[in-house]
Amino acid sequence: MGKFLTTREENYSQWYNELVLKADLAENSAVRGCMVIKPYGYAIWEKMRDALDAMFKDTGHVNAYFPLFIPKSFFSKEADHVEGFAKECAVVTHYRLRNKADGKGIEVDPDAKLEEELIVRPTSETIIWNTYKNWIQSYRDLPILINQWANVVRWEMRTRLFLRTAEFLWQEGHTAHATQQEAIDETVQMINVYAEFAEKFMAMPVIKGHKTENERFAGALDTYTIEAMMQDGKALQSGTSHFLGQNFAKAFDVKFTSKEGNLEYVWASSWGVSTRLIGALIMAHSDDNGLVLPPKLAPHQVVIVPIYKGNDQYDLMREAGNKLKTELKNAGISVLFDDRDTHKPGWKFAEYELKGFPIRLALGARDLENGTIELARRDTLEKKTYPMDNIVRVVKDLLDEIQNNIYQKALNFRNQKTYHADTWEEFVDIIENKGGFVYAHWDGTNETEDLIKEKTKATIRCIPVDNPIEDGKCILSGKPSKQRVLFARAY
RNA sequence: CGGGGUAUAGCGCAGUUGGUAGCGUGCCACGUUCGGGACGUGGAGGUCGGGCGUUCGAGUCGCCCUACCCCGACCA
């Protein structure tokens with residue numbers, strides 16, 4: 001087998017960068033920090049989007065769309081929120097260009113200065129709550145359960161394809177409720193939806209938990225997160241759900257009359273996942289031969305590659321291949337039949353392996369004679385010949401098996417790289433030398449958290465939900481602690 | 001924004017003391033091939049990132065830009 005990729009062991013981060021490019025998922029664009037998502041990468045996003053969208057609808061949400069631009073003044077209304085995003089906002093200041101006086105190119109027309117500058121949304125809480133103000137008068141107007149699929153811009157200093165780009169695609173849910181409990185329930189419900197999506201569709205185990213005050217969303221009272229472990233042992237925050245309390249309602253003066261006739265502020269939640277999930281998907285499962293995609297998110301679950309000599313055989317294979325494709329399709333399996341005569345079978349084998357197609361079927365003259373077909377599964381790279389008459393059943397079962405297998409593999413990996421540390425020396429040794437997740441006691445202060453980060457680059461990924469209560473001492477300060485929190489270096 | 005690096009064919013790179021640009025791969029044509037990225041023959045493809053300077057002559061030397069990459073501070 002030819003070697004096209006840097007191996008994970010050689011240089012994990014280079015492996016990732018090369019894989020994204022070579023698997024044709026995305027590339028850097030002419031715009032600093034912004035990526036072009038190529039058709040194959042976008043197809044994965046569409047699968048994610050469709051699955052998530054269905055889950056949102058099932059939990060009573062509807063889609064809507066709010067503007068890309070946000071008046072600057074909206075941003076100053078919620079203090080923590082401003083502070084969190086101010087440093088990475090793109091700002092529109094003018095609305096017109098003109099030809100330069102010397103005729104060489106164009107320039108911003110200084111006469112076309114906007115009266116109020118516009119922020120390109122880094123997230124939409126402000127514009128949405130400004131809008132909700134007009135929609136909400138009574139408890140009868142609640143709850144509002146809206147999601148939007150959109151792009152957002154955060155002017156990052158250092159970017160990496162999918163993991164951190166200046167512009168990215170995501171969904172953001174914004175809900176309004178009459179009671180605190182309802183808003184909290186919503187927040188919890190949505191982090192559960194994300195966890196279920198990660199585990200069932202992405203085949204990626206995640207740890208659900210609360211963010212610490214330091215890591216919390218700007219403007220939230222409580223942030224829930226799902227944290228996944230990548231194959232280099234680092235954590236990747238894969239989705240967040242925020243209980244916003246009445247912060248935005250107060251900032252935008254959104255009140256409603258309750259059943260009892262009292263005027264009250266509305267309770268809020270917001271929650272989102274982004275194209276970063278594609279980065280997570282890649283780093284959770286792929287290997288040194290290329291992508292490994294879970295069948296539930298692979299743009300095509302099966303590829304059929306015909307093998308033939310001469311036109312007569314080509315015609316036979318096309319006929320047989322199309323028939324097989326139809327049978328698989330009728331069984332609900334997504335299939336690509338690559339009958340291009342412009343590429344050799346060997347080339348196609350390598351290509352689809354690199355692109356992570358879960359199952360490859362190779363159909364040749366020998367098979368037609370014997371009534372067989374060769375099947376190769378991507379996750380284990382095993383090849384086996386099956387009788388043709390039962391192949392749809394075999395493929396269907398195998399797709400389920402692959403989905404389970406890669407989940408199990410990721411889970412085993414995470415378990416193997418998850419540690420408990422009781423002393424500072426132990427903690428540092430694990431973070432520095434082993435990598436992975438470390439459960440350790442923490443005294444609950446921002447100062448200690450910052451100090452640990454400074455010393456080890458490890459951060460508190462979350463305080464897991466259903467965390468066992470256990471008396472202990474903070475690994476750094478030695479102060480008493482009631483529970484362990486999850487530490488790791490993170491993306 | 002600091003520190004380091006790179007810029008030459010679509011992509012990856014070489015280019016010696018300064019003498020007018022080459023390799024691999026990919027691309028096109030034809031033929032032989034086709035069960036793990038085939039082979040042969042022929043062919044196309046370059047304002048050497050931009051500007052100014054030194055020189056008879058600059059991919060090569062000097063200065064100034066610009067873009068990108070890597071390492072830090074910030075982050076989904």
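In what follows, chains carry the letters A, B, and so on, assigned in the order in which the sequence lines appear, proteins first and then strands, with residues in each chain numbered from 1.
The distance between atom CG of A/Leu316 and atom P of B/rC34, rounded to the nearest whole Å, is 17 Å. The distance between atom OH of A/Tyr352 and atom C1' of B/rG35, rounded to the nearest whole Å, is 16 Å. Distance A/Tyr16 OH to B/rC69 P: 14 Å, rounded to the nearest Å. Spacing between atom CZ of A/Arg160 and atom C1' of B/rC68 amounts to 16 Å, rounded to whole angstrom units. Spacing between atom CD of A/Glu382 and atom P of B/rG36 amounts to 18 Å, rounded to whole angstrom units. In this structure, the CG atom of A/Asn311 is 12 Å from the P atom of B/rU32, given to the nearest Å. Atoms CD (A/Glu18) and C1' (B/rU25) sit 15 Å apart, rounded to a whole Å. A/Trp155 has its CH2 atom 16 Å from the C1' atom of B/rC1, to the nearest Å.
A cation-pi arrangement is absent between A/Arg414 and A/Phe437, since the terminal nitrogen or guanidinium carbon is not both under 6.0 Å from the aromatic centre and inside a 45° cone about the axis.
The side chain of A/Ile307 sits closest to B/rC34 out of B/rG72, B/rC34, B/rC70. For A/Ala362, counting side-chain heavy atoms from C-beta on, the closest listed nucleotide (B/rC74, B/rG35, B/rC34) is B/rG35. Side-chain atoms of A/Glu353 lie closest to B/rG36 of the nucleotides B/rC69, B/rG36, B/rC74. The side chain of A/Lys457 sits closest to B/rG72 out of B/rG72, B/rG36, B/rG35. Listed nucleotides B/rG35, B/rC70, B/rC74 differ in distance to A/Glu156; the shortest reach to its side chain belongs to B/rC74. For A/Ala376, counting side-chain heavy atoms from C-beta on, the closest listed nucleotide (B/rG36, B/rC70, B/rA76) is B/rG36. Of all nucleotides listed (B/rC34, B/rG72, B/rC70), B/rC34 comes nearest to the side chain of A/Lys344. Candidate nucleotides B/rG36, B/rA76, B/rA38 were compared by shortest atom distance to the side chain of A/Phe168, and B/rA76 ranks first.
Comparing the P positions of B/rG4 and B/rC64 gives an interatomic distance of 15 Å, to the nearest angstrom. Here the separation of B/rC48 from B/rG18, taken at their C1' atoms, is 15 Å to the nearest Å. When the P atom is used for both B/rG57 and B/rG43, the distance is 35 Å, rounded to whole Å. B/rU16 and B/rG49 have their P atoms separated by 14 Å, given to the nearest Å. The same atom, P, is picked in B/rU20 and in B/rA38; the two are 38 Å apart, to the nearest Å. The C1' atoms of B/rU25 and B/rG45 are separated by 14 Å, rounded to the nearest whole Å. With C1' as the reference atom, B/rC69 and B/rC61 are 26 Å apart, rounded to whole Å. B/rC23 and B/rU8 have their C1' atoms separated by 12 Å, with the value rounded to a whole Å.
In RNA chain B, runs of at least 3 stacked Watson-Crick or G-U pairs (N1-N3 plus N6-O4 or O6-N4, or N1-O2 plus O6-N3, all under 3.5 Å) give these stems: B:1-7 with B:66-72, B:10-13 with B:22-25, B:27-32 with B:38-43, B:49-53 with B:61-65.
At least one side-chain nitrogen or oxygen of A/Arg158 sits closer than 4.0 Å to the OP1 or OP2 atom of B/rG72.
Look at A/Glu327 and A/Lys323 and you find a salt bridge, because one of the NZ, NE, NH1 or NH2 atoms lies within 4.0 Å of a carboxylate O, short of that distance. A salt bridge links A/Asp287 with A/Arg378: at least one charged nitrogen is closer than 4.0 Å to a carboxylate oxygen. Taking the charged nitrogens against the carboxylate oxygens, A/Lys211 and A/Glu227 do have a contact shorter than 4.0 Å, which makes a salt bridge.
Contact of A/Lys383 with B/rG36 (side chain to base): a donor-acceptor pair of N or O atoms is detected under 3.5 Å.
Put simply, OG1 on A/Thr59 and CE on A/Met190 are 4.5 Å apart, with the number rounded to the nearest 0.5 Å.
Using a 4.0 Å heavy-atom distance criterion, A/Gln313 is classed as making no nucleic acid contact. The residue A/Phe217 sits apart from the nucleic acid: no heavy atom pair falls under 4.0 Å. When heavy atoms are screened at a 4.0 angstrom cut-off, A/Gly272 is found touching no nucleic acid atom at all. A/Leu236 comes within 4.0 angstrom of nothing in the nucleic acid, heavy atoms only. Heavy atoms of A/Gln237 sit under 4.0 angstrom from primed sugar atoms or phosphate atoms, though from no base atom.
Both A/Gly239 and A/Ser13 sit near RNA chain B, but only A/Ser13 has its closest nucleotide nearer the 5' end. Taking for each of A/Thr165 and A/Ser29 the nucleotide of RNA chain B with the nearest heavy atom, the 5'-most of the two is the partner of A/Ser29.
Taking the six-membered ring for Trp and thresholds of 30 and 60 degrees, A/Phe74 and A/Phe252 have ring planes more than 60 degrees apart, a perpendicular arrangement.
A distance below 6.0 Å separates the ring centres of A/Trp271 and A/His61.
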Could you go through A/Glu432 and A/Arg489, starting from their C-alpha distance and side-chain angles, then the distance that decides it, and tell me whether this counts as salt bridge (charged side-chain N to carboxylate O under 4.0 Å, His left out)? CA-CA 10 Å; A/Glu432 298 282 343; A/Arg489 285 185 179 160; 3.4 Å; yes

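Between A/Val438 and the choices A/Ile430, A/Val485, A/Thr456, the side-chain contact (heavy atoms from CB on, under 4.5 Å) rule is met once, by A/Ile430.
Within the structure, salt bridge (Lys or Arg N to Asp or Glu O under 4.0 Å) pairs that include any residue of residues 297-316 of chain A do not occur (at least two apart or interchain).
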